[in-house]
Asker: 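Handing you a structure now.
We use all heavy atoms of the structure for the numbers below, so side chains are in, but hydrogens, waters and symmetry mates are not.
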Amino acid sequence: MLRQLKPALLMLIAFTVLTGLIYPLLVTGIAQIIFPYRANGSLIQRDGKAVGSELIGQPFSSPKYFWSRPSATSPYPYNAASSSGSNQGPTNPALTDAVAARIKALRDADPENKAAVPVDLVTASASGLDPHISLAAAEYQLKRVAKARNIDPTTVRALVSQYTEGRQLGFLGEAGVNVLKLNLALDAQR
């Protein structure tokens, strides 16, 4: 028994050191050298202060901002430590009520807009942290934002175009607009 226990313990210690210390330190070191911006969370800085990450959505509710996709994380929205979807199916009354409340909030913020509300403005992504909205969601909100900021809609549309990110690798997913970057650009327009 001792003959088998000693090699087993040695292997446990060796693999713990290898996979628990050496490998993570090596990967972290390589990431810091090759991709330092991404390795440090893709933080967006303004005046030397981190205002958010381009990888994690943030809540916006003022009419002068583009609103993000809803978040289903808990205990509060856009909680990066609790990435998850709501796991509510299409027949779940809680999801139906949440979508109805989100549609009402969008309609209340822009009563003149009679267009169909894009689905990504009323449903959370699988991670609950998506920082992007679709081009349709940006277009839906464009007039409200331009009016609230007293800016020509053409100027806002140009910013939306500037902050639109194409498909990943040119063919995966759909083009989207990073809401935090767009809202920061709008704030810089003053």
Asker: Excluding sequence neighbours, so at least two apart, what forms salt bridge (charged side-chain N to carboxylate O under 4.0 Å, His left out) with Arg107?
Answerer: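 For Arg107 there are no salt bridge (charged side-chain N to carboxylate O under 4.0 Å, His left out) partners, ignoring immediate neighbours.
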Asker: Is there a path of hydrophobic side-chain contacts, each under 4.5 Å between heavy atoms of I/L/V/M/F/W/Y residues, joining Leu184 to Ile56?
Answerer: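 The answer is no; the residues belong to distinct hydrophobic clusters.
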Asker: Under a 3.5 Å distance rule, please check whether Arg167 uses its side chain to pair with a backbone N or O of Glu174 as donor and acceptor.
Answerer: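 No.
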Asker: Do Val177 and His132 have side chains that get closer than 4.5 Å, going by heavy atoms?
Answerer: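 The answer is no; the side chains never approach within 4.5 Å.
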Asker: Between Thr155 (side chain) and Ile151 (backbone), is there a donor-acceptor pair under 3.5 Å?
Answerer: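 Between the backbone of Ile151 and the side chain of Thr155 there is no qualifying donor-acceptor contact (under 3.5 Å).
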Asker: Output all residues satisfying side chain to side chain donor-acceptor pair (under 3.5 Å) with Asp152, sequence neighbours left out; order by chain, then residue number.
Answerer: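 Applying side chain to side chain donor-acceptor pair (under 3.5 Å) to Asp152 gives Thr154.
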Asker: With a 4.5 Å limit on heavy-atom distance, are the side chains of Gln45 and Leu43 in contact?
Answerer: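 Yes; the side chains approach each other to less than 4.5 Å.
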Asker: For Ala101, which residues count as a side chain to side chain contact (heavy atoms under 4.5 Å, CB included) partner, sequence neighbours excluded?
Answerer: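 So Ala101 forms no side chain to side chain contact (heavy atoms under 4.5 Å, CB included) with any residue.
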Asker: Is a side-chain N or O of Asp47 found less than 3.5 angstrom from the main chain of Lys49, in a donor-acceptor match?
Answerer: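 No, Asp47 side chain to Lys49 backbone: no donor-acceptor pair under 3.5 Å.
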Asker: Should Val27 and Ile30 count as side-chain neighbours, where that means a heavy-atom distance under 4.5 Å?
Answerer: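 No, their side chains stay 4.5 Å or more apart.
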Asker: Quick check: closest heavy atoms across Ser71 and Tyr78, and the distance to 0.1 Å?
Answerer: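 What the structure gives for the nearest pair is OG-N, 2.8 Å.
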Asker: Tell me whether Leu25 is reachable from Leu18 by hopping between hydrophobic residues (I, L, V, M, F, W, Y) whose side-chain heavy atoms are closer than 4.5 Å.
Answerer: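 As far as the 4.5 Å side-chain criterion goes, Leu25 and Leu18 are not connected within one cluster.
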Asker: Identify the two heavy atoms, one from Leu95 and one from Gly89, that lie closest to each other, and give their separation to 0.1 Å.
Answerer: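 In this case the closest contact between Leu95 and Gly89 is CD2-O, 3.3 Å.
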Asker: Between Ser83 and Leu129, is any pair of side-chain heavy atoms under 4.5 Å apart?
Answerer: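 A side-chain contact under 4.5 Å exists here.
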Asker: How far apart are the closest heavy atoms of Phe66 and Val179, and which atoms are they?
Answerer: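 Shortest heavy-atom separation between Phe66 and Val179 comes out as O-CG1, 3.4 Å.
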Asker: Quick check on Lys147: does its NZ atom have over 12 non-hydrogen neighbours (other residues, nucleotides or ligands) under 6.0 Å away?
Answerer: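 No, not enclosed.
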Asker: I need the Phe15 CZ to Ile22 CD1 distance, nearest 0.5 Å.
Answerer: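 So the CZ of Phe15 and the CD1 of Ile22 are separated by 11.5 Å.
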Asker: Could you give the distance from CZ (Arg102) to OG1 (Thr123), rounded to the nearest 0.5 Å?
Answerer: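 One finds 7.5 Å between CZ of Arg102 and OG1 of Thr123.
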Asker: Start with the C-alpha gap between Arg144 and Glu112, add the side-chain angles, then the distance that decides, and say whether salt bridge (charged side-chain N to carboxylate O under 4.0 Å, His left out) holds.
Answerer: CA-CA 9 Å; Arg144 181 199 76 224; Glu112 297 166 9; over 6 Å; no
Asker: Which value, rounded to the nearest 0.5 Å, describes the distance between Lys143 atom NZ and Asp110 atom CG?
Answerer: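 So the NZ of Lys143 and the CG of Asp110 are separated by 9.0 Å.
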Asker: Taking Leu12 as the starting point, is it possible to reach Leu21 by hopping between hydrophobic residues whose side chains are less than 4.5 Å apart?
Answerer: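 Per the 4.5 Å side-chain linkage, Leu21 and Leu12 are not co-clustered.
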Asker: Please report the C-alpha distance between Gln189 and Leu159 in whole Å, then the side-chain angles of each, then the deciding distance to 0.1 Å, and finally whether the side-chain contact (heavy atoms from CB on, under 4.5 Å) criterion is met.
Answerer: CA-CA 10 Å; Gln189 288 285 308; Leu159 283 172; 3.8 Å; yes
Asker: Going only through I, L, V, M, F, W and Y residues with side-chain contacts under 4.5 Å, is there a path from Tyr163 to Leu55?
Answerer: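 Different clusters: Tyr163 never reaches Leu55 through Ile, Leu, Val, Met, Phe, Trp or Tyr contacts under 4.5 Å.
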Asker: For the backbone of Glu54 and the side chain of Ser42, can you confirm whether one donor and one acceptor N or O come within less than 3.5 Å of each other?
Answerer: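 Not at all, since once roles are kept as given, no pair shorter than 3.5 Å links the two residues.
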Asker: Under 6.0 Å from the CG atom of Asn150, do we count more than 12 heavy atoms belonging to anything else shown?
Answerer: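 No, CG of Asn150 has 12 or fewer neighbouring heavy atoms, counting only those of other groups under 6.0 Å.
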Asker: For a side-chain contact (heavy atoms from CB on, under 4.5 Å) check, start with the C-alpha distance between Thr96 and Gln88, then their side-chain angles and the critical distance, and finish with the verdict.
Answerer: CA-CA 9 Å; Thr96 305; Gln88 296 171 337; over 6 Å; no
Asker: Using the rule that Ile, Leu, Val, Met, Phe, Trp and Tyr join whenever any side-chain heavy atoms are under 4.5 Å apart, tell me whether Phe60 and Ile103 fall into a single cluster.
Answerer: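 Same cluster: Phe60 reaches Ile103 through Ile, Leu, Val, Met, Phe, Trp or Tyr contacts under 4.5 Å.
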Asker: Does Ser68 reach the main-chain N or O of Gln58 with its side chain, forming a donor-acceptor pair under 3.5 Å?
Answerer: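 Checked: pair present.
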Asker: Kindly compute the distance separating CG (Leu142) from CG (Leu135), expressed to the nearest 0.5 Å.
Answerer: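 Atom-to-atom, Leu142:CG and Leu135:CG are 11.0 Å apart.
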Asker: Does Trp67 use its side chain to pair, donor to acceptor, with the backbone of Ser62 at less than 3.5 Å?
Answerer: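 The answer is yes, because a donor-acceptor pair under 3.5 Å joins these two groups.
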Asker: Please report the shortest heavy-atom distance between Ile44 and Tyr37, naming the atom on each side.
Answerer: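 Here Ile44 and Tyr37 meet closest at CG1-OH, 4.1 Å.
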Asker: Would Leu186 and Lys64 count as a side-chain contact (heavy atoms from CB on, under 4.5 Å) if you check the C-alpha gap in whole Å, the side-chain angles of each, and the deciding distance to 0.1 Å?
Answerer: CA-CA 9 Å; Leu186 282 164; Lys64 71 178 191 170; over 6 Å; no
Asker: Indicate the atoms forming the closest heavy-atom contact of Tyr140 with Leu121, along with that distance.
Answerer: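 Shortest heavy-atom separation between Tyr140 and Leu121 comes out as CD2-CD1, 3.8 Å.
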Asker: Determine, for Tyr65 and Arg149, whether the Lys NZ or Arg CZ falls below 6.0 Å from the six-membered ring centre while staying within 45 degrees of the axis.
Answerer: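 Relative to the ring axis of Tyr65, which defines the angle, Arg149 lies inside both limits.
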Asker: Dump the intermediate steps for side-chain contact (heavy atoms from CB on, under 4.5 Å) on Glu165 and Asn178, then the final yes or no.
Answerer: CA-CA 7 Å; Glu165 298 173 7; Asn178 188 296; 3.6 Å; yes
Asker: Considering non-hydrogen atoms only, spot the tightest contact between Val156 and Ala146 and give its length.
Answerer: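 Answer, listing the atom of Val156 first, then Ala146: CG2-CB, 3.8 Å.
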Asker: Please test Arg157 against Glu139 for salt bridge (charged side-chain N to carboxylate O under 4.0 Å, His left out), starting from the C-alpha separation and ending with a verdict.
Answerer: CA-CA 8 Å; Arg157 188 169 277 110; Glu139 185 63 34; 2.6 Å; yes
Asker: Can a donor-acceptor pair be found between the side chains of Gln32 and Asn40 at a distance below 3.5 Å?
Answerer: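 Asn40 and Gln32 do have a side-chain donor-acceptor pair below 3.5 Å.
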